[in-house]
*Asks:* 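Following this message is one structure expressed as structure tokens.
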Amino acid sequence: MIARVLKYSYAQAKTRALKGRLLSAEDWRLLLRCSKLEDLLKYLSGTDYAQGLSHLPKGKPDAEFVSLAFYDELFREYGKLLRSVPKRSSSFLKALVARYEAENLKTVLRGIWARRPASDVRFFLYRLGSLSGLPLGELMQAHEIPDAVELLKSTIFYSPLVHALPQFKAQRKPFPLEVAIDMAVFEHIVKAVESLGGYDRKAARVLIGELIDCENLCWLVRFRYFYALSPEEIINYVLPGGRRLGLRDLGTLARSIDLRSFLGALPQPYGEAFRLVKDWPEMHPLFQKWFLVQLHKVFEKDPFQVRLQLCYLLLKEIEVKALEGLVSALNIGASLEKSLEFVSLPVMGGLRV
């Protein structure tokens, strides 16, 4: 215990300080009253998002630029915590942020496939800086998907993409490549968890397992009920490492014939978390609300392990995604109150607008 206190004393103090600067319930109440994007940005300019928003181009704000500015703040927080934790924990957190590196790679490959100019593709990339190991400059110059894959030999994505290339050529669409990228990054995260020391590994395994369960449930819904893939195809795409949903559970869910049978096949506590679901799109926000409670509970437990930093970064991520959702709603003139059906606010106990 003493050794862990020494290793994490600065990191836990830093993490608690950062958590104290997350948007409060009152902040969200005021943000949800905004009727224009300009009003929302004006309010946020008085928060920790001011630095990122100060770099927005003059004139009418572009929703994509605004969202990227929010993520800039998330990546700055990653940088701060990566420097504050022990080496193995730092490697684990860097594996977690690789999910955004994966999104950048998918965006680049989509751009190559669609023959889009590199300048157009670059506009949509997360600005990860030193957190990324992708050779983005070279990738942006590639004209064919196989050429881009060859540039990735030093990354975790190379081997899975090589194996996915035949399916990509057969289907003539990037879907097999994107699934291979997602699977590669989550396998990388699971390996990083297993490389941690005892206390860190045990606690991180729980949270990452629940995160993977969430991803698998979302994939099942998307693949089965929106893309109409067969149960056999879906099983090939599930992520290993879930906490409560093993391969047999996921197979049963993939073969369910409707929403009612799907919900009935869920183990607890997921069954209870989804008991109010009436339609498929509600599943992800409801899982996030359940997961949010688990993240907040961690701050009441032993703080001298990497799960504290993991929980804070996931809370910050939920906050950023919620802001992104509000920006999207305002951009299309939708009601912010209505958007709460599909946006999870990172505050406990609900929120009255």
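Along the sequence shown, the residues carry numbers beginning at 1. Please read these numbers as outputs of a predicted model, since none were measured by experiment.
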*Asks:* Is there a donor-acceptor pair under 3.5 Å between the side chain of E319 and the backbone N or O of L23?
*Replies:*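 Yes, the answer is positive, given that a donor and an acceptor are paired below the 3.5 Å cut-off.
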*Asks:* For salt bridge (charged side-chain N to carboxylate O under 4.0 Å, His left out), just list the numbers for E77 and K14, CA-CA rounded to whole Å, side-chain angles, deciding distance to a tenth of an Å, and then say yes or no.
*Replies:* CA-CA 10 Å; E77 309 284 82; K14 181 74 173 176; over 6 Å; no
*Asks:* Quick one: pull up CD1 in I145 and CG in L109 and give me the separation to the nearest 0.5 Å.
*Replies:*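 I145 atom CD1 to L109 atom CG measures 4.5 Å (nearest 0.5 Å).
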*Asks:* Is D213 salt-bridged to R244, going by a charged N under 4.0 Å from an acidic O?
*Replies:* no
*Asks:* Using modelled atom types only, decide if a donor and an acceptor are shared between the side chain of S90 and the backbone of L82 within a distance under 3.5 Å.
*Replies:*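 Side chain of S90 to backbone of L82: a pair is present.
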*Asks:* Determine yes or no for a side-chain-to-main-chain donor-acceptor pair under 3.5 angstrom, with D62 supplying the side chain and E64 the backbone.
*Replies:*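 Flag set: sc D62 to bb E64 pair under 3.5 Å.
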*Asks:* Checking side-chain polar atoms at under 3.5 Å, does T107 have a donor or acceptor matched by the opposite partner on N104?
*Replies:* no
*Asks:* By the ring-ring contact (aromatic ring centres under 6.0 Å, His included) test, which pairs, at least two apart or in different chains, include something from residues 224-253?
*Replies:* F175-Y237, F223-Y237, Y225-W280
*Asks:* Check residues 151-161 and write down every donor-acceptor pair under 3.5 Å in which the side-chain atom is one partner and the other belongs to a residue at least two apart or another chain.
*Replies:*
unit_1 : atom_1 : unit_2 : atom_2 : d
K153   : NZ     : E150   : OE1    : 3.3
T155   : OG1    : L152   : O      : 2.8
T155   : OG1    : F157   : N      : 3.2
Y158   : OH     : E150   : OE2    : 3.2

*Asks:* Is there a donor-acceptor contact under 3.5 Å from the side chain of D200 to the main chain of G197?
*Replies:* no
*Asks:* Quick one: does any side-chain atom of T252 pair with a main-chain N or O of R248 as donor and acceptor, under 3.5 Å?
*Replies:*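 Flag set: sc T252 to bb R248 pair under 3.5 Å.
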*Asks:* Could you tell me which non-hydrogen atom of I212 sits nearest to which non-hydrogen atom of G242, and how far apart they are?
*Replies:* CG2-N, 3.7 Å
*Asks:* Decide if the gap between the ring center of F274 and the ring center of W290 is smaller than 6.0 angstrom.
*Replies:* no
*Asks:* How far does OH of Y312 sit from CG of L18, to the nearest 0.5 angstrom?
*Replies:*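 Answer rounded to 0.5 Å: 4.5 Å.
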*Asks:* Output yes when a side-chain donor or acceptor of Q268 lies under 3.5 Å from a complementary backbone atom of E272, and no otherwise.
*Replies:* yes
*Asks:* Please check if L315 and V206 belong to a single hydrophobic cluster, counting links between Ile, Leu, Val, Met, Phe, Trp and Tyr side chain heavy atoms closer than 4.5 Å.
*Replies:* no
*Asks:* So, are K106 and D182 salt-bridged, with charged N and O less than 4.0 Å apart?
*Replies:* yes
*Asks:* Applying ring pair (Phe, Tyr, Trp, His ring centres under 6.0 Å), name anything that partners F65, two or more places apart in sequence or on another chain.
*Replies:*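 By the ring pair (Phe, Tyr, Trp, His ring centres under 6.0 Å) rule, F65 matches F123.
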*Asks:* Under 3.5 Å, is there a donor-acceptor pair linking the side chains of S261 and D258?
*Replies:* yes
*Asks:* Whether the side chain of R122 engages the backbone of A118 through a donor-acceptor N/O pair (distance < 3.5 Å, no angle test) should be reported.
*Replies:*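 No, R122 side chain to A118 backbone: no donor-acceptor pair under 3.5 Å.
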*Asks:* So, for Y199 and F304, is the gap between ring centers shorter than 6.0 Å?
*Replies:* no
*Asks:* Can a side-chain donor-acceptor contact be found between E317 and Y100 if the only test is distance below 3.5 angstrom?
*Replies:*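 Checked: Y100/E317 side chains pair up, N/O donor to acceptor below 3.5 Å.
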*Asks:* Do you know the tightest heavy-atom contact between A164 and P176?
*Replies:*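 Looking at all heavy atoms of both residues, the closest pair is CB-O, 3.7 Å.
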*Asks:* Please check: side-chain N/O of S132 versus main-chain N/O of G129, any donor-acceptor pairing under 3.5 Å?
*Replies:*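 Judged by distance alone, no pair lies under 3.5 Å.
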*Asks:* Donor-acceptor pair, S89 side chain versus V85 backbone, under 3.5 Å?
*Replies:* no
*Asks:* Thinking salt bridges, do E300 and K297 make one under a 4.0 Å N-O criterion?
*Replies:*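 Looking at K297 together with E300, the answer is no, because their closest N to O distance does not fall below 4.0 Å.
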*Asks:* Once rounded to the nearest 0.5 Å, what's the spacing between atom CD1 of I257 and atom CZ of R224?
*Replies:* 9.5 Å
*Asks:* Under 3.5 Å, is there a donor-acceptor pair linking the side chains of Y71 and E324?
*Replies:*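 On atom types as modelled, these side chains qualify, holding a pair under 3.5 Å.
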*Asks:* So, are K191 and E194 salt-bridged, with charged N and O less than 4.0 Å apart?
*Replies:*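 Result for this pair is no, no salt bridge flagged.
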*Asks:* E233 side chain to L229 main-chain N or O, any donor-acceptor pair under 3.5 Å?
*Replies:*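 Checking the backbone N and O of L229 against the side chain of E233, no donor-acceptor pair under 3.5 Å is found.
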*Asks:* Would you tell me whether Y8 and T15 have side-chain atoms, one donor and one acceptor, within less than 3.5 Å of each other?
*Replies:* no
*Asks:* Any side-chain heavy-atom pair from E73 and D48 closer than 4.5 angstrom?
*Replies:*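 Result yes, sub-4.5 Å side-chain heavy-atom pair found.
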